[in-house]
Amino acid sequence: MKIVVLKFGGTSVGSIDRIKKVAEIIISYLKKRYKVIVVSSAMSGITNKLVKMSKEISSNYIPDEYDVLVSSGEQMSCSLISGRLNHLGYKSRSWLGWQVPIFTKGSHAVARIRNIYKKNITKYLKSGGIPIIAGFQGINSNLRITTIGRGGTDASAIMLARFFNAEKCIIYTDVDGVYTTDPNKIKKAKKIKKISYEEMLEMASSGSKVMQPHSIQDARLNRIDIEVRSSFKKVSGTIITKRKNIVNNKIIQGVSFTKNDAKITLVGVKDRPGIAASIFEPLYKNSINVDMVVQNISSNGKETDLTFTIKSEDLSKTERLIKKNKKINFKKIIVDDKVSKVSIIGVGMITTPGVTYRMFNALAKKNINIIVISTSEIKISVLVSRKDLNKAISILHKELPEKTPDGAIYNKLCIKLAIEGLELD
Ligand code: ADP
Ligand code: ASP
Ligand code: MG
């Protein structure tokens, strides 16, 4: 069986007209003799509304029930898609996670798919049916409904492609591919034809919402090529694939950013072995994700300052947990929820010197203060004040070196650095 998995995101199923369009896209693959597995998100805005309702009901909504609530949007969109296909004379039905079933592991709200039972769907495909599967959800070993993290339908699609050995996995969304930065923010953003899993993973986990980070991990582990394309425009999209399939690696592939970070500084923390673990243990136990961490070298060997970032929505809970943590002593806690993280990403960084300097210099020229820095092999992230965010994205995007197949970027960059160095002297 030649199988294609088609994933439709929230905006792509955001209205009745959009759902009618989605049905046409599905039919176009049937005409190409594919067996089609569809996986859909909730209509745009619905999941946010459900999350908001849970908060209005209780600030401590029980996780099992939270997942029952927030996964309910997908039921509606899936039924509407199959309803439309039925209307057009095609055999189709919706499948919720527990009906497939899709088994997950891990905690509620952040579970991961571990197994998908294939028998029923395969039988249905063979009979000419089009299964419309609810993304973002599954069941755990207690048979309770679970969800797999916001934006998780991307991961549902990748795992369906893996278990059904699909020939293609296509992510239909509201932009026509992965861009060098968010095209809705920076008009000069350029579409990337092919991007490696590693770069996409770094972009996704540093704020490029177009793909959910876990989905890229799953795709990378299982070597599944992904195509990201528009459900609005019929143009070619972006292929996410292994590095070996990409010929001309750029030094910097893209710029990503987050808007909802908060920074906490603990001033005068008693410096002793294990202190960082004591600070972060309760945060980890409460599923609070700590991102950037900086600890100053203690000048007197007794006290140090520790700064870290978290998502703004976790700020008050984190503050509460820190203040009631009896295992730590500090003089003062300073919080700032008006910070943002900007990152540049590219595998070319591994072999190219001077990228860090170039990034910092570009920000300095625009008078942008860097609050915290963190790096990986292929990413440099800086925390800046939120008021500087737009300026930082556009200057860094402008500074991206152009693609050259022959190492000319490297030479150009070195020459530029030399000139700048001379100027600085
Ligand atoms: P869907 O509902 O289809 O899953 P998302 O809203 O999750 O769509 O992701 C698509 C959005 O991601 C785009 O509308 C765009 O604003 C945003 N985005 C952020 N960074 C990028 C990028 N580098 N390339 C493309 N889109 C991006
Ligand atoms: N509907 C869920 C969300 O908004 C899952 C998804 O869209 O992928 O996060
Ligand atoms: Mg998404």
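None of these values were measured; they are calculated from a predicted model. Whatever order the structure lists them in is the order used to number ligands and atoms, beginning at 1.
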Identify the closest protein heavy atom to [atom]: which residue and atom is it, and at what distance?
atom	result
atom 4 (O) of ligand 2	R150 NH2, 2.9 Å
atom 6 (C) of ligand 2	T153 OG1, 3.3 Å
atom 7 (O) of ligand 2	S41 OG, 3.2 Å
atom 6 (O) of ligand 1	K209 NZ, 2.7 Å
atom 13 (C) of ligand 1	D174 OD1, 3.5 Å

Check ion pair [X]-[Y] (N to O, under 4.0 angstrom):
X	Y	value
K7	D154	yes
E313	K311	no
R144	E65	yes
D261	K341	no
K285	E281	yes
D218	R112	yes

Closest to [atom] among [options] (heavy-atom distance):
atom	options	result
atom 26 (N) of ligand 1	I345, V210, V13	V210
atom 8 (O) of ligand 1	I192, T11, T173, T153	T173
atom 17 (C) of ligand 1	T238, V228, D182	D182
atom 25 (C) of ligand 1	G9, A204, G10, G177	G177

For [X], take its heavy atoms, then give the atoms of ligand 1 lying under 4.0 Å from any of them.
X	answer
V178	24 (N)
N184	13 (C), 14 (O), 15 (C), 16 (O)
P183	24 (N), 25 (C), 26 (N), 27 (C)
Y179	22 (C), 23 (N), 24 (N), 25 (C)

Could you establish whether K7 and ligand 1 come within less than 4.0 Å of each other, counting only heavy atoms on the residue side?
yes
With a 4.0 Å cut-off on heavy atoms, is S12 touching ligand 1?
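So S12 does not count as touching ligand 1.
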Considering distance alone, does some N or O of G151 sit under 3.5 Å from an N or O of ligand 2?
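Among all N and O atoms of G151, at least one is under 3.5 Å from an N or O of ligand 2.
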Do ligand 2 and E74 have nitrogen or oxygen atoms that lie under 3.5 Å from each other?
yes
Structural part of [X] in contact with ligand 1, heavy atom criterion under 4.0 angstrom:
X	answer
M203	side chain
T180	neither
S44	neither
R150	neither

Within 45 degrees of the ring normal and closer than 6.0 Å to the centroid, is that where the cationic atom of R223 sits relative to Y197?
no
Does the structure place the NZ or CZ of K118 under 6.0 Å from the centre of the six-membered ring of F163, at an angle of no more than 45° from the ring's axis?
no
Could you go through K185 and N390, starting from their C-alpha distance and side-chain angles, then the distance that decides it, and tell me whether this counts as side-chain hydrogen bond (donor to acceptor under 3.5 Å, both in side chains)?
CA-CA 8 Å; K185 184 123 186 151; N390 288 355; 3.0 Å; yes
Parallel under 30°, tilted from 30 to 60°, perpendicular over 60°: which one fits the rings of Y29 and Y172?
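If you compare the ring of Y29 with that of Y172, the planes turn out perpendicular.
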Is ligand 2 less than 4.0 angstrom away from at least one heavy atom of Q212?
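No, that is not the case, since the closest heavy atom of the residue is not under 4.0 Å from the ligand.
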Would G9 count as a contact of ligand 2 if the rule is a heavy atom under 4.0 Å away?
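Not so, G9 does not reach ligand 2.
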When you measure from the side chain of S230 to the backbone of F232, do you find a donor-acceptor pair of N or O atoms at a distance under 3.5 Å?
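At least one qualifying donor-acceptor pair exists.
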I would like to know whether M211 and I216 meet side-chain contact (heavy atoms from CB on, under 4.5 Å); could you show each step before the answer?
CA-CA 7 Å; M211 286 300 295; I216 304 299; 3.9 Å; yes
Polar contacts were defined as any N/O atom of the residue lying under 3.5 Å from an N/O atom of the ligand; does this apply to D154 and ligand 1?
no
Only residue of S256, S206, S343 satisfying side chain to side chain donor-acceptor pair (under 3.5 Å) with S381 is S343
Check: F280 ring centroid to F308 ring centroid under 6.0 Å
yes
